[in-house]
Amino acid sequence: MTVVTALRTDGYSPILVTGGAGFIGANFVLDWCASQDVPVVTLDKLTYAGNLHNLAGLQGDKRHSFVHGDIGDVELVRPLLSKVRPRAIVNFAAESHVDRSILGPEDFITTNIVGTFRLLETVREYWTILAPREKETFRFLHVSTDEVYGSLTSDANPFDEGSPYSPNSPYSASKAASDHLVRAWHHTYGLPVVITNCSNNYGPYQFPEKLIPLMIHHALSGKPLPVYGDGLQVRDWLYVSDHCSAIRAVLRDGQVGHTYAIGGDSEKSNLDVVHAICDALDEERPSGKGSYRRQVTFVPDRPGHDRRYAINAAKIRQTLGWHPRESFESGLRKTVRWYLDNSAWTDNVVAGSYRDWLGQNYSAR
Ligand code: NAD
Ligand code: DAU
């Protein structure tokens with residue numbers, strides 16, 4: 001077990017964040033430490049998507065410690081729980097990219113299904129022997145996705161907590177399976193769980209395999225902007241810090257056994273998103289050769305591509321008083337500026353195996 005920094009708890013019992021070196025997890029850990037004193041332990045396997053540089057802002061901060069490991073490694077997680085004695089676990093750890101799940105589904109089964117199962121069992125063992133008060137207040141928050149509900153037609157109502165599960169990709173099927181396991185561990189064993197199902201996130205530290213950072217990176221590098229199919233697929237975009245504030249609200253006040261749908265009420269077609277990125281870059285960093293829009297290139301579609309996702313977030317808004325702070329326009333502008341100001345982060349990430357991924361995913365399109 002690698003403990004990079006020694007944890008100082010000052011009497012607070014910590015939270016354990018799994019997958020906290022990835023995109024949303026790192027934003028969550030950074031926002032958490034910026035807003036409160038409750039210490040955090042991050043557990044992350046550091047796959048291609050995990051990056052310790054994302055947490056560099058916490059170097060030397062004794063409220064945070066990092067452990068390198070796999071959620072499915074019972075021999076590591078069991079003593080970690082005994083030592084840290086977390087009051088809550090927020091489970092971000094997953095394989096998260098749909099295109100990778102299509103080209104190689106096995107890692108998705110291993111981490112998202114088997115890993116979640118093993119984590120649930122290890123957590124159940126820990127939780128069962130907690131003192132009554134700690135047992136009652138403990139929470140296992142599982143971070144999931146709107147993709148578990150499948151695809152919407154253009155005139156259908158947005159997904160909500162009652163929508164039937166209908167996952168279409170290996171990624172979404174593996175996340176759906178993990179949601180079912182988490183729900184069952186509550187129903188059968190009483191483990192105090194909450195589940196969040198969120199729409200598409202964007203913002204700082206997102207790996208440039210996902211639509212928005214990939215388009216920013218390609219635009220600035222003078223490469224084609226590969227739009228799948230007709231580009232009219234719709235996603236509901238949420239700035240990452242708004243997702244993090246929603247998770248904090250659910251952790252604090254969410255009802256045990258409940259699910260919370262989270263979204264930005266911000267449906268956009270992919271083509272509109274790509275054009276908005278080009279327009280923002282045209283203002284912030286003009287290419288000198290005309291608009292970045294000229295780099296847009298239509299490429300063959302993603303197999304099984306879901307046409308539309310949208311979320312009705314009325315439950316979390318009405319019961320927990322959560323609402324997003326950023327509009328798509330303000331969030332996208334912040335994101336574009338972040339990538340412009342942090343080109344060293346992208347340069348570091350795109351070195352090495354990322355280039356192999358671009359070859360695998362785009363050369364045959
Ligand atoms: P990401 O791919 O950027 O990060 C995943 C992190 O998990 C990485 O740091 C990786 O090293 C770590 N990890 C992977 N396997 C692990 C394992 N076996 N043990 C420990 N750590 C492991 O993903 P993200 O976009 O930050 O997504 C985080 C979570 O949020 C995922 O569960 C995803 O399904 C969910 N989610 C993502 C979005 C989105 O738009 N990105 C939207 C809704 C829900
Ligand atoms: O809805 C939540 C989900 O959003 C999360 O659960 C996933 O972890 C996250 O990856 C994201 O999934 P998507 O498949 O929607 O995101 P992605 O960024 O891969 O693609 C967004 C849309 O853009 C999708 O319709 C495919 C399209 N696309 C994507 C890429 C990478 C392109 O047209 N071209 C591309 O090069």
Which residues share a salt bridge (charged side-chain N to carboxylate O under 4.0 Å, His left out) with [X], sequence neighbours left out:
X: Glu283; value: Arg333
X: Lys45; value: Asp70
X: Lys334; value: Glu326
X: Arg124; value: Glu121

Keeping to residues at least two apart or across chains, list the salt bridge (Lys or Arg N to Asp or Glu O under 4.0 Å) pairs with something in [range].
range: residues 201-212; value: Arg100-Glu209
range: residues 161-176; value: none
range: residues 211-239; value: Asp230-Arg307

All pairs passing side chain to side chain donor-acceptor pair (under 3.5 Å) where residues 110-120 contributes a residue, at least two apart |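 Those involving residues 110-120 are Asn112-Ser174.
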Qualifying side chain to side chain donor-acceptor pair (under 3.5 Å) pairs, either residue in residues 315-325, two or more places apart =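 Every side chain to side chain donor-acceptor pair (under 3.5 Å) pair that includes a residue of residues 315-325, provided the two are not neighbours, is Ser245-Trp322, His258-Lys315.
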Does anything in residues 214-233 pair up under ring-ring contact (aromatic ring centres under 6.0 Å, His included), and if so which pairs, sequence neighbours excluded?
->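 Every pair satisfying ring-ring contact (aromatic ring centres under 6.0 Å, His included) with a residue in residues 214-233: there are none.
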When Val227 is tested against each of Val273, Val296, Leu232 for side chain to side chain contact (heavy atoms under 4.5 Å, CB included), which residue passes?
->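 Among Val273, Val296, Leu232, the one meeting side chain to side chain contact (heavy atoms under 4.5 Å, CB included) with Val227 is Val296.
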Can you give the donor-acceptor pairs under 3.5 Å from side chains of residues 23-34 to other protein atoms, not counting sequence neighbours?
{"unit_1": "Asn27", "atom_1": "ND2", "unit_2": "Phe23", "atom_2": "O", "d": "2.9"}
{"unit_1": "Asn27", "atom_1": "ND2", "unit_2": "Pro204", "atom_2": "O", "d": "3.0"}
{"unit_1": "Trp32", "atom_1": "NE1", "unit_2": "Val38", "atom_2": "O", "d": "2.8"}

Of all residues at least two apart in sequence or in a different chain, which pass the side-chain hydrogen bond (donor to acceptor under 3.5 Å, both in side chains) check with Glu134?
->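 Listed in chain order: Arg85.
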Kindly state whether the ring of His97 and the ring of Trp357 have centres lying under 6.0 angstrom apart.
->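 Distance test on ring centres: under 6.0 Å, yes.
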